[in-house]
Amino acid sequence: MSSSAVNQIGHYISGKPVAGKHRSQDVFNPATGAVTGCVALADSAAVDAAVASAQAAFPAWSDTPPLRRARVMFKFLELLNANKDTLAHMITAEHGKVFTDAQGEVARGIDIVEFACGMPQLLKGDFTDQVSTGMDNWTLRQPLGVCAGITPFNFPVMVPMWMFPVAIAAGNTFVLKPSPIDPSAALYMADLLKQAGLPDGVFNVVQGDKEAVDALLVHPDVKAVSFVGSTPIANYIYETGAHHGKRVQALGGAKNHMVVMPDADLEQAVDALIGAAYGSAGERCMAISVAVLVGDVADKIIPKIAARAKTLKIKNGIHLDAEMGPIVTKAAYERITGYIMAGEMQGADLLVDGRKFTGKDAGEGSENGYWMGGTLFDNVTPDMRIYKEEIFGPVLSCVRVPDFASAVDLINAHEFGNGVSCFTSDGNVAREFSRRIQVGMVGINVPIPVPMAWHGFGGWKKSLFGDMHAYGEEGMRFYTKQKSIMQRWPASIAKGAEFVMPTSK
């Protein structure tokens with residue numbers, strides 16, 4: 001147990017902070033290695049309390065007119081815009097990503113809140129007059145009940161906002177279980193929601209680990225679960241939640257490729273690869289971790305990538321000129337170094353070794369942080385671990401292929417299908433790539449093709465478990481169920497019993 005001198009981070013239930021009672025773990029600033037907080041880890045009793053609060057708030061909230069629910073979202077949006085830098089500083093302090101990147105994360109989350117403000121329009125149903133003589137038919141969408149979100153460390157603001165604004169605006173109540181690595185932002189958002197006028201119990205936060213996750217997955221009053229994280233956990237969340245009768249969307253891991261064609265603008269491609277591979281220290285599910293270099297482009301572009309990787313501005317993210325911050329935890333640092341060792345052992349050419357960058361290089365006060373530079377491999381082959389598995393760190397693997405068809409076949413053979421990009425000047429290549437690639441999110445001369453708020457986010461294959469993508473119209477459908485109503489009145493009802501299947505008459 002940490003000293004009481006550090007910040008004690010608990011839960012948020014029924015509109016107020018709730019202290020943890022049993023287990024806890026330290027929260028670190030990854031740039032310095034210093035303990036900055038102590039976060040509670042919920043047991044099943046704490047989860048039960050949060051779900052009970054959400055269940056009690058559901059009848060009144062679901063019966064609130066959608067326009068009034070949207071007005072709360074509008075006020076929340078106003079408060080987010082007024083306090084967005086505060087949230088960004090929280091992200092940098094606990095996650096480590098550079099402040100400007102954290103600002104971008106908050107901005108993309110705010111986009112989803114803006115989308116959720118339009119929920120009254122999205123909830124409109126369809127109506128057909130006179131489907132049969134004297135009979136009308138219409139549909140409406142109604143909320144599910146208590147929904148839960150289980151979110152990762154790498155986007156402690158944006159990913160929760162993929163979920164709860166849409167769910168709440170649609171009339172559900174919500175229990176968020178954020179990562180214990182960077183737990184503070186969730187509580188701050190809960191406070192802003194209360195300031196916006198959200199009734200107590202509609203939004204709750206339980207901090208915790210697997211014990212809290214399992215309690216949510218088996219709780220009979222939780223009707224839907226949204227998850228973002230690694231593929232093994234996404235598969236577990238999906239199977240366990242579905243087994244207990246819940247609606248589940250579980251977004252898993254990735255191995256995102258970027259194809260560089262010989263006709264691509266090489267300077268633009270280098271810029272794209274450097275930002276997409278090493279931004280946020282590669283700790284993004286949409287990071288580019290494989291450069292697929294077609295034909296003779298490899299010999300031209302790899303020296304440029306290597307030179308840029310060696311000159312990355314790596315320092316504490318509070319500095320505005322920082323391009324990359326630290327690795328999120330010591331355990332993550334050790335995992336990434338293990339992959340670099342595996343790449344060497346399996347015969348890949350290590351051109352830039354990020355292990356040589358240390359806390360001393362990052363600047364004063366950073367000696368005990370979790371520091372690593374950008375790493376670059378050439379001549380990576382599909383049988384290598386660094387190609388097959390998600391590293392989730394600043395490691396870029398270059399694979400050489402002879403032609404466009406080989407690039408498409410290589411990507412389509414991978415078990416993940418989250419994001420992909422192709423840099424080319426040929427419109428036909430771009431069109432064929434977009435149509436034939438078996439990946440859920442595709443960029444043409446766009447390195448990180450994260451869809452905007454009204455389009456929805458989701459991969460294919462082992463990158464998504466469930467049928468509906470996050471946010472956008474599919475998010476609205478995920479958090480609601482359709483009801484079809486047929487109606488007629490006595491004056492139009494013929495006398496006598498009918499024993500045949502009803503048809504339009």
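- Each salt bridge (charged side-chain N to carboxylate O under 4.0 Å, His left out) pair with one or both residues in residues 460-470, not counting sequence neighbours, appears once here: Glu415-Lys462.
- Lys97 forms a cation-pi arrangement with Phe155, by the criterion of a distance under 6.0 Å to the ring centre and an angle within 45° of the ring axis.
- Between Thr329 and Ala332, the shortest heavy-atom contact is OG1-N, 3.0 Å.
- Separation of the Tyr471 and Phe115 ring centroids does not fall under the 6.0 Å cut-off.
- Applying the salt bridge (charged side-chain N to carboxylate O under 4.0 Å, His left out) test to residues at least two apart or on different chains, the pairs with a partner in residues 78-92 are Lys75-Glu78.
- There is a side-chain donor-acceptor pair under 3.5 Å between Lys483 and Gln142.
- For the side chain to side chain contact (heavy atoms under 4.5 Å, CB included) criterion with Pro394, the lone passing option out of Thr375, Leu376, Ile327 is Ile327.
- Ring to ring, His414 and Tyr387 are close: their centroids are under 6.0 angstrom apart.
- At a threshold of 4.5 Å between non-hydrogen side-chain atoms, the residues His22 and Leu41 do not count as touching.
- A cation-pi geometry, defined here as NZ or CZ lying under 6.0 Å from the six-membered ring centre and within 45° of its normal, holds between Arg385 and Tyr339.
- Side-chain contact check for Glu94 and Thr36: no donor-acceptor pair (N or O, by modelled atom type) lies under 3.5 Å.
- At distances below 3.5 Å, not a single donor-acceptor pair connects side-chain atoms of Asn172 with backbone N or O atoms of Cys147.
- Heavy-atom neighbours of Met452 CE from other residues, nucleotides or ligands within 6.0 Å: above the threshold of 12.
- From Tyr370, atom OH reaches atom OG1 of Thr32 across 7.5 Å, with rounding to the nearest 0.5 Å.
- Ring geometry for Tyr238 against Phe465 counts as tilted: the plane angle lies between 30° and 60°, on a 0 to 90° scale.
- With Ile386 as reference, Ile391 is the one residue of Ile391, Leu396, Val290, Ile340 to meet the side chain to side chain contact (heavy atoms under 4.5 Å, CB included) rule.
- Applying the salt bridge (charged side-chain N to carboxylate O under 4.0 Å, His left out) test to every pair with at least one member in residues 31-56, sequence neighbours left out, gives no pairs at all.
- Nearest heavy atoms, Phe174 versus Ala148: CZ-C, 3.8 Å.
- For the residue pair Ser53/Asn204, the side-chain donor-acceptor check at 3.5 Å is satisfied.
- Shown here for His11 and Gly20, the closest heavy-atom pair between the two residues is NE2-CA, 4.1 Å.
- Residues Asp182 and His95 approach most closely at OD2-CB, 3.6 Å, considering heavy atoms.
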